[in-house]
2 protein chains.
Amino acid sequence: MLIRSPAELGAILRDRRRKLKLDQSTFAKRIGVSRQWVIEVEHGHARAELGLILRALDALDIRLDASIEPAPARGATRPAVDINAIVAKARKKKA
Amino acid sequence: MLIRSPAELGAILRDRRRKLKLDQSTFAKRIGVSRQWVIEVEHGHARAELGLILRALDALDIRLDASIEPAPARGATRPAVDINAIVAKARKKKA
DNA sequence: TTTGTATGTCGGCGTTCGATGACATTCGTG
DNA sequence: CACGAATGTCATCGAACGCCGACATACAAA
């Protein structure tokens, strides 16, 4: 399963949790977070803590693997339009 | 590359950034974060935001893959001693 | 030595996390 | 229907995030 966004990660966590017949409460206790946290992460919370995410994955026996992208597609010719970065910056300025 | 902890993730990010000949400043600008953030994450900051981490990985053409652990090793017979969770809870109580 | 580059550190600040606890909604079952 | 279980929502609050700006250190080159 490729992970590209917090939402995808959340979906993976939810599917796996359900496959293991765990409800949110017991899952939360098992990894040392609140049930609220589980809900938000499963819904794709982008600002969740990295450490807690890794604990959650571990608790569900999910392995994370990092590898170099086969097709960069981000060639030196492309000006690189980073929508995420732009949106994040824009939100900051407004607030 | 297997990712088990924020520190391992940080090392991977740093190695890849250096391979691409990027310094922390330009890398930070490229993903829309501060240079401080890059420093902390590369040092294994556990509470970094998930969304920013994913952006950083993407900027370095690193793909994240999730797969079920071949050997659970976390059988139903094990009482499950979650050191991470215990430590996290202990820190909360003290503070 | 002086200059420049890359990295790490410090204090302060506004924003938002994650925890808690209560309540709401939707199920399926007795 | 009533009850419990699972999930989602809300308000509150201390703690920590990530940012900024300045400074510190290290190393290389002129």
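Just so you know, these numbers come straight off a predicted model, no measurement behind them. Within every chain, numbering begins at 1; the chains are lettered A, B, ... in the order of the sequence lines, protein sequences first and strands thereafter.
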Undergrad: Between atom NZ in K29(A) and atom C1' in dA6(D), what is the gap in whole Å?
TA: 13 Å

Undergrad: Rounding to an integer number of Å, can you tell me how far D23(A) CG sits from dG28(C) P?
TA: 17 Å

Undergrad: Is there a donor-acceptor contact under 3.5 Å from the side chain of R17(A) to the main chain of L22(A)?
TA: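 Checking the backbone N and O of L22(A) against the side chain of R17(A), a donor-acceptor pair under 3.5 Å is found.
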
Undergrad: Work out which heavy atom in S5(A) is nearest to a heavy atom in L54(B); give both atom names and the distance.
TA: C-CD1, 3.5 Å

Undergrad: If you compare all heavy atoms of G44(A) against all heavy atoms of P6(A), which two are closest, and at what distance to 0.1 Å?
TA: O-CB, 3.4 Å

Undergrad: What nucleotide among dT7(D), dC17(C), dC17(D) has an atom nearest to a side-chain atom of R14(A)?
TA: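 Closest of the options to the side chain of R14(A): dT7(D).
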
Undergrad: Below the 4.0 Å mark, does dG18(C) have OP1 or OP2 next to a side-chain nitrogen or oxygen of H45(A)?
TA: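 For dG18(C), OP1/OP2 do have a side-chain N/O of H45(A) under 4.0 Å.
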
Undergrad: Take the protein atom CZ of R47(B) and the nucleotide atom C1' of dG14(D), then report the distance between them rounded to whole Å.
TA: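 Going from R47(B) (CZ) to dG14(D) (C1'), I get 11 Å.
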
Undergrad: Indicate yes or no: at least one non-hydrogen side-chain atom of F27(A) is less than 4.5 angstrom from one of L20(A).
TA: no

Undergrad: Would you kindly give the NE2-to-C1' distance between H43(B) and dC17(D), to the nearest whole Å?
TA: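 Value for this atom pair: 17 Å.
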
Undergrad: For I62(A) and A66(B), which heavy atoms make the closest approach, and how far apart are they?
TA: CG2-CB, 3.8 Å

Undergrad: Out of dG18(D), dC17(C), dT7(C), which nucleotide sits closest to the side chain of E49(A)?
TA: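 Per side-chain heavy atoms of E49(A), the pick is dC17(C).
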
Undergrad: Closest approach to the side chain of A48(B), judged atom by atom: which nucleotide of dG18(C), dT7(C), dG18(D) is it?
TA: dG18(D)

Undergrad: Measure the distance from CD on E40(A) to P on dC17(C) and round it to the nearest whole Å.
TA: 7 Å

Undergrad: Which whole-number value in Å describes the distance from L22(B) CG to dT5(C) P?
TA: 17 Å

Undergrad: When only distance counts, do a donor and an acceptor, one from the side chain of Q36(A) and one from the base of dC10(D), lie under 3.5 Å apart?
TA: yes

Undergrad: Got I68(A) and R16(B) here, is their nearest side-chain heavy-atom distance under 4.5 Å?
TA: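 Side-chain contact under 4.5 Å: yes.
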
Undergrad: Tell me: CD1 of I39(A) to C1' of dC10(D), nearest whole Å?
TA: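 It is 12 Å, rounded to the nearest whole Å.
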
Undergrad: Between C1' on dG18(D) and CD1 on I31(B), what's the gap in Å once rounded to a whole number?
TA: 12 Å

Undergrad: Search all heavy atoms of L2(B) against all heavy atoms of R63(A) and return the closest pair with its distance.
TA: CD2-CG, 2.9 Å

Undergrad: Protein within reach of the bases, or only the backbone? For nucleotides 23-30 of chain D, mark each nucleotide 5' to 3' as B, S or -, using heavy atoms under 4.0 Å.
TA: --------

Undergrad: Given dG8(D), dT7(C), dA19(C), identify the nucleotide with an atom nearest to the side chain of W37(A).
TA: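 Of all the options, the side chain of W37(A) is nearest to dA19(C).
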
